[in-house]
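Single-structure report; data block below.
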Amino acid sequence: IAMEQCDTPQGFCLIFSVGGGTGSGLGSYCVESLADMYPQLGRFCVPVYPSANDDVVTSPYNALLATTHMLDLADCIVPLENEA
């Protein structure tokens with residue numbers, strides 16, 4: 001793949017939403033997979049958290065689970081709030 005063609009990779013930057021099921025689940029899975037395949041490279045995560053008036057009931061639960069997963073696997077986390 002493209003990763004094998006890089007001479008000196010430094011790390012990965014992942015930007016994903018943690019309020020929904022796909023973003024929180026797939027984002028957490030990607031961070032975990034990258035940590036397993038490339039433990040020497042940095043993982044920089046930018047999770048987008050749901051707004052306080054989000055109408056999805058499971059958003060806080062999804063965000064909490066994804067955050068606890070990221071705390072163990074990411075080297076740097078810069079949270080963003082989706083208050084638009």
Under a single-linkage definition using a 4.5 Å side-chain heavy-atom cutoff for Ile, Leu, Val, Met, Phe, Trp and Tyr, are [X] and [Y] assigned to the same hydrophobic cluster?
X     : Y     : answer
Met37 : Tyr29 : no
Tyr49 : Leu80 : no
Leu64 : Leu71 : no
Val31 : Met3  : yes
Leu26 : Ile77 : no

Handout entry: Shortest non-hydrogen contact between Ala66 and Val18, atoms and distance
Key = CB-CG1, 3.8 Å
Handout entry: Residue pair Met70 / Cys45: nearest heavy atoms and the distance that separates them
Key = SD-CB, 3.8 Å
Problem - Any donor-acceptor pair under 3.5 Å from Glu81 side chain to Pro79 backbone - result: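 No, Glu81 side chain to Pro79 backbone: no donor-acceptor pair under 3.5 Å.
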Handout entry: Heavy-atom donor-acceptor pair, Asp75 side chain to Arg43 backbone, under 3.5 Å
Key = yes
Mind checking whether [X] and [Y] have side chains closer than 4.5 Å, heavy atoms only?
X     : Y     : answer
Asn62 : Val56 : no
Ser17 : Asn82 : no
Ser51 : Asp54 : yes

Handout entry: Nearest-0.5 Å distance that lies between atom OG1 in Thr67 and atom CG in Asp72
Key =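 Taking OG1 in Thr67 and CG in Asp72, the distance rounds to 11.5 Å.
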Exercise for the section: Evaluate whether atom OH of Tyr38 has more than 12 neighbouring non-hydrogen atoms of other residues, nucleotides or ligands under 6.0 angstrom away. Expected result: yes
